[in-house]
Chemist: 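Pasting a structure below so you can have a look.
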Amino acid sequence: MSAYSASPSTPRTTSRTPTPPRTTVVNVEEFEMDGRSIETKSADHVPIVFKANPFKHTYPILRHTCFGVQGKQTCEVRDTTTNPMFRDMEEDDPQIQYVAKPFRSKSVQKPYRLRCGVMNYAWGKQSTDSAVAQWMQEGDPTYQVEQRPYAELWVGTHTNAPSYMQESTGSSSNLVSENSSFANQSLHEFLQRNPATLGDAHTEQFGTDLPYLLKILSVATALSIQAHPEKSHAERLHASDPDHYPDPNHKPEAVVALSNYKAMCSFRPLPEIAHHLQTIDELRALVHEDMVERFVTVVGSDGSSVEAKKEALKSIYMELLLCDSARVQQSIDAMTARLRNSTDLSWVESTFLDLTVQYPGDGGCFQVFFLNLIELKPGEGLFLAANEPHAYIHGDAVEIMARSDNVVRAGLTPKFKDHKVMGEMLSYDTQPLHIFRPNNEGPLTSYCPPPEYPDFKLLRVSLTEEWPGVSYELGKSSGCLLVTQGSATLLYCGKDCTIPTARLEVSVGSAYFLPSRLSVYFSRMTDFVAFIGECQIRAG
Ligand SMILES: [Zn+2]
């Protein structure tokens with residue numbers, strides 16, 4: 001029996017106590033269940049001891065207000081997986097009476113379930129092989145998966161695939177009935193009408209909309225080699241060529257692997273590029289010989305400035321981008337013939353071969369010799385600033401980015417390629433990649449881009465037997481929760497309440513909008529992974 005099913009104002013009685021027990025309510029301040037006992041006094045100064053089990057993890061539920069105790073002053077909290085105040089304690093001991101007294105939250109804050117849009121781009125994994133299609137089916141067993149690629153799932157307010165408020169199902173909370181009044185309203189519309197859910201700081205900085213877009217990607221064949229312009233450049237491109245650049249916003253992005261996730265990104269260290277140009281005849285044939293010599297000289301010289309090196313890289317990369325298609329085809333033919341006879345292919349060479357099969361005759365295949373080739377393990381992430389070339393090659397991932405669809409493409413796509421714009425805009429940085437490693441010492445990993453990109457940050461919640469529960473408090477930013485594995489109980493509480501007033505089962509296939517200031521506690525049911533997208537509200 002839990003306090004949810006009992007009347008909060010009626011204490012439980014037993015046959016061995018003929019008169020109803022005297023019930024006192026005590027307030028217990030915030031505490032950590034780390035094995036200590038907590039001693040306090042009831043309103044009429046009866047000492048009360050709450051004995052905690054030695055838990056592996058701390059129990060961070062906010063603040064508790066509950067408990068009536070009579071006769072014996074010891075309660076043992078025996079369960080870490082739900083709010084201990086709502087558990088029956090000492091079930092067989094008639095001397096102990098208690099009542100949980102849930103406070104009604106004055107706040108309207110609670111999670112809102114979302115219905116998400118799907119993109120069927122050609123590079124996506126096919127039908128039920130796709131993590132996107134699987135996610136949709138997990139969330140709704142009646143969802144019909146068709147024989148076609150399922151590339152992306154979008155959570156957010158972008159007009160190309162906006163999320164909608166969905167009536168919740170399977171929840172024991174009052175969220176069901178209350179959410180139904182918003183059913184079929186778009187999240188964008190909901191936020192316009194309920195700006196309080198975003199919070200003042202958010203609306204001041206970003207207006208009444210989400211500045212980010214959260215996605216699942218399921219990649220079968222490589223995405224285009226692309227880069228995203230800075231904000232002012234995006235605005236100029238949109239103004240001059242709205243057909244090819246339909247979005248005026250910038251699009252920094254971060255990706256976190258759900259499976260092994262292969263990608264090309266940013267330029268390799270210059271000596272590696274020089275080595276490739278010197279040793280791969282078919283690549284060298286695409287650029288002028290004297291340019292290769294100049295590049296190798298600049299790169300090899302200690303006296304070369306960073307700017308000179310960037311300029312040399314830009315010249316030779318643009319030469320590669322603008323190479324005519326007949327020469328590209330010739331080089332691809334020569335190189336594929338040579339590699340297919342080789343029994344000892346490097347990872348880069350076999351990737352080149354795969355790309356030539358996926359995109360025959362596309363010069364973008366050669367970029368694998370210019371860009372870093374990486375494979376992220378599950379939980380590892382990568383941040384890509386503006387003007388960094390990249391192409392995701394294979395695997396499943398969660399991606400978060402500024403709310404934009406502004407892409408400049410330069411290869412590995414039948415779509416419009418803007419080689420000149422791409423070549424001119426890139427930063428030509430060869431700094432180490434911005435890789436995030438997962439936190440193996442706890443259930444939360446934060447993937448936070450540099451502060452000049454306030455549009456988003458990402459948090460991964462990972463619950464295991466070792467880390468079965470964790471709390472998280474949304475600050476001044478609201479959030480979008482995307483569950484990608486397993487299930488958990490979510491206890492939640494708005495900013496004015498002192499105990500979690502409701503619970504919700506969240507599982508793979510579901511996504512929620514979480515209002516700002518919401519406090520949540522995740523409690524593992526099965527091994528669980530979820531992501532929370534937020535924006536970075538500036539201090540002050
Ligand atoms: Zn991108």
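Side chains are part of it too, since the values below use all heavy atoms of this structure and drop only hydrogens, waters and symmetry mates. Read the numbers this way: they start at 1 and go in the same order the structure lists the ligands and their atoms.
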Chemist: Taking the six-membered ring where the residue is Trp, are the ring centres of F416 and H244 under 6.0 Å apart?
Modeler: yes
Chemist: Please confirm whether F190 and Y112 have ring centers closer than 6.0 angstrom.
Modeler: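 Yes: the rings meet the under 6.0 Å criterion.
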Chemist: Any N/O/S atom, side chain or main chain, of Q226 closer to the Zn ion (ligand 1) than 2.8 Å?
Modeler: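 Checking the Zn ion (ligand 1) against Q226, an N, O or S atom does fall under 2.8 Å.
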Chemist: Under 6.0 Å between the ring centres of F522 and Y472?
Modeler: no
Chemist: Taking the six-membered ring for Trp and the full ring for Phe, Tyr or His, determine whether the centres of F436 and F383 are under 6.0 Å apart.
Modeler: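 No - the distance between ring centres of F436 and F383 does not fall below the 6.0 Å cut-off.
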Chemist: Suppose we only allow N, O or S atoms; which atom of H228 ends up nearest to the Zn ion (ligand 1)?
Modeler: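 Answer by atom name: NE2.
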Chemist: Give the name of the N/O/S atom in H390 that lies closest to the Zn ion (ligand 1).
Modeler: NE2
